[in-house]
There are 2 protein chains.
Amino acid sequence: MPRNKREQDRDSKRDEIIASARERFLEDGFEATSMSRLASAAGVAPNTIYWYFKDKDEVLVAVLDAEFSTRAVEYLQQPFADTAERLLWVVNQLELTSRLVSTVHARASLSPQINTWHERFHELTEGMVRMELAQKSLPAERIESLVKICVFTIEGLLAHPMTDEEKRRICATLAAV
Amino acid sequence: MPRNKREQDRDSKRDEIIASARERFLEDGFEATSMSRLASAAGVAPNTIYWYFKDKDEVLVAVLDAEFSTRAVEYLQQPFADTAERLLWVVNQLELTSRLVSTVHARASLSPQINTWHERFHELTEGMVRMELAQKSLPAERIESLVKICVFTIEGLLAHPMTDEEKRRICATLAAV
DNA sequence: ACCTGAACACCGTTCAAGT
DNA sequence: ACCTGAACACCGTTCAAGT
């Protein structure tokens with residue numbers, strides 16, 4: 001029996017757990033979803049999850065990684081008219097995972113793994129925004145401040161539900177420097 | 001025995017619990033502080049706390065109320081040079097309670113009381129920022145967007161530790177519209 | 001290698017009993 | 001009115017035992 005087959009089985013089983021965990025986390029939230037619930041949703045015994053993941057936080061990190069790599073691919077395929085539209089798309093996509101944004105903030109100080117993920121996420125988002133702003137030829141230190149403000153606004157829009165019109169206006173205001 | 005004496009006793013006991021809970025929440029975080037720990041810090045049995053508070057979330061709301069009314073009084077007594085300085089002071093003061101900011105966001109969807117508190121807090125903060133911006137005579141809808149961006153930036157600065165210099169620059173950039 | 005039943009230490013909360 | 005000991009249902013996690 002080739003080692004590949006084994007690893008493929010293991011990975012596909014892992015992916016199944018991640019997929020059903022994603023659904024539970026987005027629907028009910030991380031804190032409100034117990035390991036038992038997670039297990040029954042995946043059709044295994046509660047402690048079986050620990051064969052595939054170190055702990056509950058590692059399940060969350062796996063869900064986040066899967067979710068955001070999917071979004072990243074979609075982002076690159078999207079045709080955008082301007083900066084404001086680009087911003088709005090990001091916010092609208094991430095909004096589906098808004099519950100998880102709060103969870104990540106709350107757990108970053110408790111779980112090193114989630115803290116690491118959170119920092120990586122910020123670097124990525126800031127890099128994206130920085131690229132966008134680079135085209136406007138502003139003084140360097142002003143750019144860095146604006147990058148932070150943009151990222152904080154994205155996070156804010158995620159954490160606080162808002163009408164499409166409000167979101168649109170805020171993104172436009174921000175894009176206009 | 002006058003009713004006043006009784007109520008005073010009750011209130012002062014309640015205040016003691018709030019004071020020691022404040023310390024535990026800021027030091028160790030809300031999630032990491034158990035009701036048992038809260039009780040032993042206040043020198044009572046775990047379930048005694050339920051005589052003074054409906055549940056753990058109500059203790060948090062009480063701590064938040066006490067904390068922010070204290071800050072509000074200090075704010076009004078402060079002599080500020082300009083908008084940027086004003087912003088920076090708010091951020092620096094609230095930073096002491098940054099762990100609680102994350103907790104509030106995470107629990108707002110789980111606890112109606114905390115959700116209510118969170119909304120009140122946003123109205124208050126937005127009102128403050130709106131007053132500040134009103135002096136600049138901008139179009140109304142632009143003001144509303146800027147208010148949101150300012151509040152989101154305040155929240156962002158609280159959630160993500162930063163050097164004083166970075167904070168100062170971000171506040172200045174924002175104050176310069 | 002993979003999965004499980006049973007147990008562990010802990011959690012927030014309730015309740016009947018004491019003063 | 002105020003406080004408690006004991007119990008409840010649940011949590012995330014571990015471990016020895018099975019295949």
Side-chain angles (χ1 to χ4, degrees), chain A residues 1-18 20-21 24-25 28-63 100 103-104 106-114, chain B residues 1-18 20-21 24-25 28-63 100 103-104 106-114:
Chain A
M1 171 70 67
R3 199 157 158 275
N4 285 344
K5 176 64 175 165
R6 272 271 166 86
E7 290 196 353
Q8 191 187 313
D9 280 1
R10 180 177 172 81
D11 283 357
S12 74
K13 189 74 183 250
R14 215 183 116 101
D15 288 345
E16 279 175 36
I17 297 176
I18 294 174
S20 65
R24 293 329 322 142
F25 287 167
D28 306 330
F30 177 79
E31 293 85 355
T33 305
S34 70
M35 290 298 271
S36 297
R37 185 76 190 82
L38 228 52
S40 79
V44 293
N47 42 1
T48 297
I49 297 179
Y50 289 88
W51 180 254
Y52 294 94
F53 302 92
K54 186 181 155 287
D55 53 24
K56 199 185 177 188
D57 287 312
E58 199 178 281
V59 180
L60 177 55
V61 169
V63 168
L100 296 188
T103 301
V104 165
R107 291 204 66 75
S109 64
L110 280 73
S111 158
Q113 322 173 55
I114 294 190
Chain B
M1 172 70 66
R3 199 158 156 275
N4 285 345
K5 175 66 175 163
R6 272 272 167 87
E7 290 196 352
Q8 189 187 314
D9 280 1
R10 181 177 172 82
D11 282 359
S12 73
K13 189 75 182 249
R14 215 183 117 102
D15 287 346
E16 280 174 36
I17 297 176
I18 294 174
S20 64
R24 293 331 321 143
F25 287 167
D28 306 330
F30 177 80
E31 293 85 356
T33 305
S34 70
M35 290 297 271
S36 297
R37 185 76 191 81
L38 229 51
S40 79
V44 293
N47 43 2
T48 298
I49 296 178
Y50 289 88
W51 180 256
Y52 294 94
F53 302 92
K54 187 179 155 287
D55 54 24
K56 199 184 176 188
D57 287 312
E58 199 179 281
V59 180
L60 177 56
V61 169
V63 168
L100 296 187
T103 301
V104 165
R107 293 203 65 75
S109 65
L110 279 74
S111 157
Q113 321 172 56
I114 294 190

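The chains referred to below are lettered A, B, ... by the order of the sequence lines, with proteins before strands, and numbering in each begins at 1. Just so we're clear, the structure is a prediction, and the values are computed from it rather than from any experiment.
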Asks: Which atoms form the tightest heavy-atom contact between B/I18 and B/F53, and what is the distance?
Replies: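 Shortest heavy-atom contact: CG1-CZ, 3.7 Å.
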
Asks: Let me see the working for B/I17 and B/L38 under side-chain contact (heavy atoms from CB on, under 4.5 Å), right down to the final yes or no.
Replies: CA-CA 8 Å; B/I17 297 176; B/L38 229 51; 5.7 Å; no

Asks: If you take all heavy atoms of A/D57 and A/Q113, which pair is closest and at what distance?
Replies: CB-NE2, 4.0 Å

Asks: How close or far is atom P of D/dC2 from atom CD1 of B/I17, stated in whole angstroms?
Replies: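 B/I17 atom CD1 is separated from D/dC2 atom P by 11 Å.
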
Asks: So, OP1 or OP2 of C/dA1: does either fall under 4.0 Å of a side-chain N or O from A/K13?
Replies: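 So the side-chain polar atoms of A/K13 never come under 4.0 Å of the phosphate oxygens OP1 or OP2 of C/dA1.
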
Asks: Is the closest side-chain heavy-atom distance between B/E31 and A/R107 below 4.5 Å?
Replies: no

Asks: Should D/dA1 form a Watson-Crick or G-U wobble pair with both distances under 3.5 Å, which nucleotide is its partner?
Replies: C/dT19

Asks: Counting Watson-Crick and G-U wobble pairs only, both distances under 3.5 Å, name the nucleotide matched with D/dA6, or none.
Replies: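 With both distances under 3.5 Å, D/dA6 matches C/dT14.
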
Asks: Whole-Å distance between C/dC2 P and A/W51 CH2?
Replies: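 In whole Å, C/dC2 P lies 6 Å from A/W51 CH2.
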
Asks: Look for any protein N or O under 3.5 Å of an N or O in nucleotides 8-13 of chain D and output each such pair with its distance, or none.
Replies:
from   : atom 1 : to    : atom 2 : distance (Å)
D/dG12 : OP1    : A/K56 : NZ     : 2.8
D/dG12 : OP2    : A/M35 : N      : 2.7
D/dT13 : OP2    : A/Y50 : OH     : 2.8
D/dT13 : OP2    : A/K56 : N      : 3.0
D/dT13 : O5'    : A/Y50 : OH     : 3.1

Asks: Are OP1 or OP2 of D/dC2 and a side-chain N or O of B/R10 less than 4.0 angstrom apart?
Replies: yes

Asks: Measuring from the side chain of A/Y52 (C-beta onward, heavy atoms only), which nucleotide among C/dC3, C/dC2, D/dT4 has the closest atom?
Replies: C/dC3

Asks: Out of the candidates A/F30, A/F25, A/Y52, A/Y50, only one should pair with A/V59 under the side-chain contact (heavy atoms from CB on, under 4.5 Å) rule; please name it.
Replies: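 With A/V59 as partner, A/F30, A/F25, A/Y52, A/Y50 yield a single side-chain contact (heavy atoms from CB on, under 4.5 Å), made by A/F25.
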
Asks: Within this structure, what is the CG-to-C1' distance between B/D9 and D/dC3, rounded to whole angstrom?
Replies: 15 Å

Asks: What are the two closest non-hydrogen atoms of A/I114 and A/L60, and how far apart are they?
Replies: CD1-CD2, 3.4 Å

